[in-house]
Visitor: 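Here it is: the structure, laid out below.
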Amino acid sequence: MIVVDDEALVRSGFALILGAAADIDVVATATGGDALAAVLEHRPDVVLLDIRMPDVDGLTVLGRIRQLDEPPAVAMLTTFDADEYVLAALDRGAAGFLLKDTEPEHLAQLVRTLAAGGVVMSPKASRTLLRSLPRSTAPNGELDRVQRLTGRERDVLVLLAQGLSNAEIGVRLHLGTGTVKDHVSALLTKLRVSGRVQAALLAQRAGLLEKERS
């Protein structure tokens with residue numbers, strides 16, 4: 001994996017914390033201007049990318065990475081739980097976002113989730129984001145599309161929105177990973193979204209996670 005941030009202290013801190021995990025290899029750290037070259041050289045599975053950098057901003061770097069063949073999973077790093085750039089990053093294909101003050105003991109698991117194809121959304125930042133997207137502003141027909149999902153597709157969507165990978169969803173629902181992948185593909189098509197994060201946000205706006213907690 002690669003950590004991209006304009007502050008050397010942040011880069012070294014994340015590299016130190018994550019490098020202590022036996023199954024995570026931090027192959028490089030970089031600033032925004034060096035990020036694409038680092039990704040091309042090392043071809044990591046995961047990139048943690050600062051959303052606000054003075055030399056080249058995170059959204060620009062994200063766009064360049066997403067244009068690569070088989071791009072890595074990219075999660076955006078932010079200091080602000082109300083960062084207005086988060087939505088733009090998710091629209092451009094980020095696999096999630098987390099706050100820089102995330103507890104160190106949680107970071108390794110978040111990276112594992114990203115590497116496995118899961119969605120990562122910092123709970124605090126996610127709540128702020130969802131408050132900025134009240135259901136009343138949802139596009140017409142969005143909830144209708146959720147209701148057209150089969151029961152099994154809705155189960156998969158809830159677990160996807162909780163950040164689980166296809167393999168983890170399969171364990172929960174006693175399904176093969178290939179079957180889960182088929183369900184994910186079908187529900188993305190039915191919901192008319194381009195990726196897992198967009199589907200997760202839609203599930204939250206539709207209240208599916210609230211029903212799960214209750």
Side-chain angles (χ1 to χ4, degrees), residues 1-7 10-11 14 30-40 44-102 107 110-111 113-114 117-143 145-146 157 160-163 184 187-189 191-206 209:
M1 67 160 297
I2 290 176
V3 179
V4 180
D5 196 283
D6 64 305
E7 296 184 20
V10 173
R11 295 195 303 270
F14 271 75
T31 63
D34 299 328
L36 185 60
V39 170
L40 288 171
D45 296 318
V46 173
V47 175
L48 298 185
L49 174 61
D50 187 11
I51 205 167
R52 294 172 178 263
M53 295 180 288
D55 53 352
V56 181
D57 71 86
L59 294 180
T60 298
V61 175
L62 173 63
R64 293 171 180 172
I65 292 176
R66 293 294 298 168
Q67 290 175 359
L68 300 175
D69 293 331
E70 300 183 2
V74 181
M76 310 306 294
L77 297 172
T78 177
T79 308
F80 312 102
D81 63 357
D83 198 323
E84 67 269 23
Y85 290 163
V86 166
L87 274 178
L90 297 180
D91 286 339
R92 297 184 190 190
F97 58 96
L98 54 102
L99 297 177
K100 290 185 181 181
D101 62 359
T102 299
L107 284 177
L110 293 173
V111 169
T113 298
L114 288 165
V119 173
V120 168
M121 289 191 285
S122 167
K124 183 179 178 184
S126 180
R127 288 192 294 271
T128 301
L129 177 65
L130 293 174
R131 283 198 297 270
S132 72
L133 289 172
R135 291 187 210 174
S136 61
T137 65
N140 290 335
E142 188 175 75
L143 298 183
R145 292 197 292 274
V146 172
L157 176 60
L160 180 157
Q162 293 173 353
V184 171
L187 70 86
L188 292 180
T189 299
L191 296 177
R192 303 178 192 173
V193 295
S194 59
R196 299 170 73 97
V197 173
Q198 290 82 2
L201 292 173
L202 194 158
Q204 290 173 307
R205 291 198 298 273
L209 299 190

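Since the structure is predicted, the reported quantities are computational estimates derived from the model, not experimental observations.
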Visitor: Decide yes or no for Val4 and Met53: does some side-chain heavy atom of the first lie under 4.5 Å from some side-chain heavy atom of the second?
Guide: yes
Visitor: Search all heavy atoms of Leu49 against all heavy atoms of Gly58 and return the closest pair with its distance.
Guide: CD2-O, 3.4 Å
Visitor: With rounding to the nearest 0.5 angstrom, report the CE to CG distance, Met1 to Leu114.
Guide: 8.5 Å
Visitor: What's the separation between atom CZ in Arg192 and atom CG in Leu187, rounded to the nearest 0.5 Å?
Guide: 14.0 Å
Visitor: Can you list the residues that meet the side chain to side chain contact (heavy atoms under 4.5 Å, CB included) rule with Ala161, with sequence neighbours excluded?
Guide: Ala200, Ala203, Leu209
Visitor: Using every non-hydrogen atom in the two residues, find where Leu157 and Ala199 come nearest and quote the distance to one decimal.
Guide: CD1-O, 3.6 Å
Visitor: Apply side chain to side chain contact (heavy atoms under 4.5 Å, CB included) to Leu36 and Val56, showing your working.
Guide: CA-CA 11 Å; Leu36 185 60; Val56 181; over 6 Å; no
Visitor: Is there a side chain to side chain contact (heavy atoms under 4.5 Å, CB included) between Thr79 and Leu99? Walk through the geometry before answering.
Guide: CA-CA 6 Å; Thr79 308; Leu99 297 177; over 6 Å; no
Visitor: Taking the side chain as every heavy atom from C-beta outward, state whether Leu98 and Leu107 have any pair of such atoms under 4.5 Å apart.
Guide: yes
Visitor: Rounded to the nearest 0.5 Å, how far apart are CD1 of Ile2 and CZ of Arg11?
Guide: 12.5 Å
Visitor: Minimum heavy-atom separation for Ala88 to Leu59, with atom names?
Guide: CB-CD1, 4.0 Å
Visitor: Taking side-chain hydrogen bond (donor to acceptor under 3.5 Å, both in side chains) as the test, write out the residues that go with Asp34, two or more places apart.
Guide: Thr31
Visitor: Where do Lys100 and Phe14 come nearest, in terms of heavy atoms and distance?
Guide: O-CZ, 4.1 Å
Visitor: Please report the shortest heavy-atom distance between Pro72 and Ile65, naming the atom on each side.
Guide: CD-CG2, 3.7 Å
Visitor: For the CZ atom of Arg52 and the CE atom of Met76, what is their distance to the nearest 0.5 Å?
Guide: 11.0 Å
Visitor: At what distance, to the nearest 0.5 angstrom, does CG of Asp101 lie from OG1 of Thr78?
Guide: 9.5 Å
Visitor: With heavy-atom distances below 4.5 Å as the criterion, would you say the side chains of Asp50 and Val10 are in contact?
Guide: no
Visitor: Once you round to the nearest 0.5 Å, how far does CZ of Phe97 lie from CG of Leu90?
Guide: 6.0 Å
Visitor: Could you tell me whether a side-chain N or O of Arg196 sits under 3.5 Å from a main-chain N or O of Gly117, the two making a donor and an acceptor?
Guide: yes
Visitor: So do Leu48 and Leu110 actually touch side chain to side chain, heavy atoms under 4.5 Å?
Guide: no
Visitor: What residues form a side-chain hydrogen bond (donor to acceptor under 3.5 Å, both in side chains) with Asp57, not counting sequence neighbours?
Guide: Thr60
